[in-house]
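Computed from heavy atoms alone, side chains included, the values below leave out hydrogens, waters and symmetry copies.
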Amino acid sequence: MDIMTAIGKALKMAIPDIKKIYREKTEQGFVGHSFYVYPITERATAEIGDYEMRRLSYCVVYFPDESKRNINQQLDEMRARLLDNVTHLPEVHLRLLDREAEPVDGALNFTFSVRYRGIYEQEYNPMTSLTQKGGVAENDN
């Protein structure tokens, strides 16, 4: 399951006029009216049996078009568009949890988490042989 690709597809579907979606930082900087997507944290909680619950948090940074003068208006509009339209990832059937949008230094940080339950498969190593040394302790009564 490639969640990063699913995030990119959900963003492109919700915001079709976006210029570019980055998965890596670039030395030349980001082109305006684009997104940069990166993972924040991943947490795994063991459950009964071989199951575990995974929670992954992501940040989508929106960079407004700096050639236009209305940067704050662009951030406000994008905040509304993201919160209204990016609610789940249809590609992997996951709902976005704890969605937040916050302007930071002329960009917009849109953070969220996804959660899924999976099977944790361990390599099975059967015991091939067992040699036991021992006996019954003598009772001196």
Side-chain angles (χ1 to χ4, degrees), residues 1-140:
M1 162 173 19
D2 188 1
I3 295 176
M4 292 284 282
T5 300
I7 293 169
K9 287 182 179 181
L11 289 170
K12 193 67 175 165
M13 194 172 10
I15 319 290
D17 61 327
I18 201 71
K19 289 183 181 173
K20 187 143 175 87
I21 299 173
Y22 298 93
R23 287 179 69 164
E24 301 287 335
K25 286 187 176 181
T26 64
E27 291 181 16
Q28 294 83 17
F30 298 103
V31 175
H33 197 60
S34 64
F35 292 117
Y36 168 47
V37 182
Y38 65 93
I40 301 172
T41 60
E42 183 172 347
R43 183 177 10 168
T45 305
E47 293 186 344
I48 295 174
D50 291 336
Y51 290 96
E52 70 180 16
M53 184 62 73
R54 293 247 173 148
R55 185 179 184 104
L56 298 92
S57 299
Y58 292 91
C59 183
V60 174
V61 181
Y62 168 69
F63 297 98
D65 187 349
E66 293 185 5
S67 66
K68 299 178 181 176
R69 294 179 184 250
N70 56 352
I71 299 296
N72 288 333
Q73 181 182 350
Q74 289 181 64
L75 296 178
D76 290 341
E77 289 172 2
M78 186 55 67
R79 177 183 6 213
R81 288 175 75 181
L82 288 170
L83 289 173
D84 291 345
N85 300 312
V86 184
T87 59
H88 63 286
L89 305 176
E91 181 92 1
V92 290
H93 308 289
L94 294 174
R95 183 179 178 145
L96 303 187
L97 308 169
D98 305 322
R99 295 176 300 130
E100 271 187 25
E102 176 184 16
V104 177
D105 296 331
L108 180 71
N109 288 352
F110 177 59
T111 57
F112 58 88
S113 298
V114 295
R115 182 178 60 204
Y116 65 91
R117 186 174 187 232
I119 295 178
Y120 175 69
E121 296 179 0
Q122 291 183 340
E123 187 175 320
Y124 178 67
N125 292 326
M127 189 181 301
T128 54
S129 66
L130 175 65
T131 305
Q132 181 177 355
K133 294 182 181 179
V136 178
E138 292 185 28
N139 192 354
D140 290 336

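The shortest side-chain heavy-atom distance between Tyr58 and Ile7 falls under the 4.5 Å cut-off.
With sequence neighbours excluded, the residues satisfying salt bridge (charged side-chain N to carboxylate O under 4.0 Å, His left out) with Arg23 are Asp2. In this view, Glu47 and Arg117 satisfy the side-chain hydrogen bond (donor to acceptor under 3.5 Å, both in side chains) rule, not counting sequence neighbours. With sequence neighbours excluded, the residues satisfying side-chain contact (heavy atoms from CB on, under 4.5 Å) with Met13 are Pro90. Under the rule for a ring pair (Phe, Tyr, Trp, His ring centres under 6.0 Å), the partners of Tyr22 that lie at least two apart in sequence or sit in another chain are Phe30.
Ser34 approaches Lys20 most closely through the heavy-atom pair CB-O, 3.1 Å.
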Kindly list each side-chain donor-acceptor pair under 3.5 angstrom involving residues 69-79, sequence neighbours excluded, with atom names and distances?
{"unit_1": "Asn70", "atom_1": "OD1", "unit_2": "Gln74", "atom_2": "NE2", "d": "3.4"}
{"unit_1": "Asn70", "atom_1": "ND2", "unit_2": "Gln73", "atom_2": "OE1", "d": "3.3"}
{"unit_1": "Gln73", "atom_1": "NE2", "unit_2": "Glu77", "atom_2": "OE2", "d": "3.0"}
{"unit_1": "Gln74", "atom_1": "OE1", "unit_2": "Asp65", "atom_2": "N", "d": "2.8"}
{"unit_1": "Gln74", "atom_1": "NE2", "unit_2": "Asp65", "atom_2": "O", "d": "3.0"}
{"unit_1": "Asp76", "atom_1": "OD1", "unit_2": "Arg79", "atom_2": "NH2", "d": "2.7"}

For a quick test of your reading: what N or O donor-acceptor pairs under 3.5 Å do the side chains of residues 91-112 make, sequence neighbours left out?
{"unit_1": "Glu91", "atom_1": "OE2", "unit_2": "Lys9", "atom_2": "NZ", "d": "3.2"}
{"unit_1": "Asp98", "atom_1": "OD2", "unit_2": "Arg55", "atom_2": "NH2", "d": "2.1"}
{"unit_1": "Arg99", "atom_1": "NH1", "unit_2": "Leu83", "atom_2": "O", "d": "2.6"}

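Going from atom CZ of Arg115 over to atom CG of Leu56 covers 11.5 Å, rounded to the nearest 0.5 Å. To the nearest 0.5 angstrom, His33 atom NE2 is 11.0 Å from Ser67 atom OG. The distance from the CZ atom of Phe35 to the NZ atom of Lys12 is 9.5 Å, given to the nearest 0.5 Å.
With respect to Lys68 and Glu66, no salt bridge is recorded, no charged nitrogen being found less than 4.0 Å from a carboxylate O.
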How far apart are the C-alpha atoms of Leu11 and Ile18, what are their side-chain angles, what is the distance that settles it, and do they pass the side-chain contact (heavy atoms from CB on, under 4.5 Å) test? CA-CA 8 Å; Leu11 289 170; Ile18 201 71; over 6 Å; no
Where do Val61 and Tyr38 land on the side-chain contact (heavy atoms from CB on, under 4.5 Å) test, with the steps shown first? CA-CA 9 Å; Val61 181; Tyr38 65 93; 3.9 Å; yes
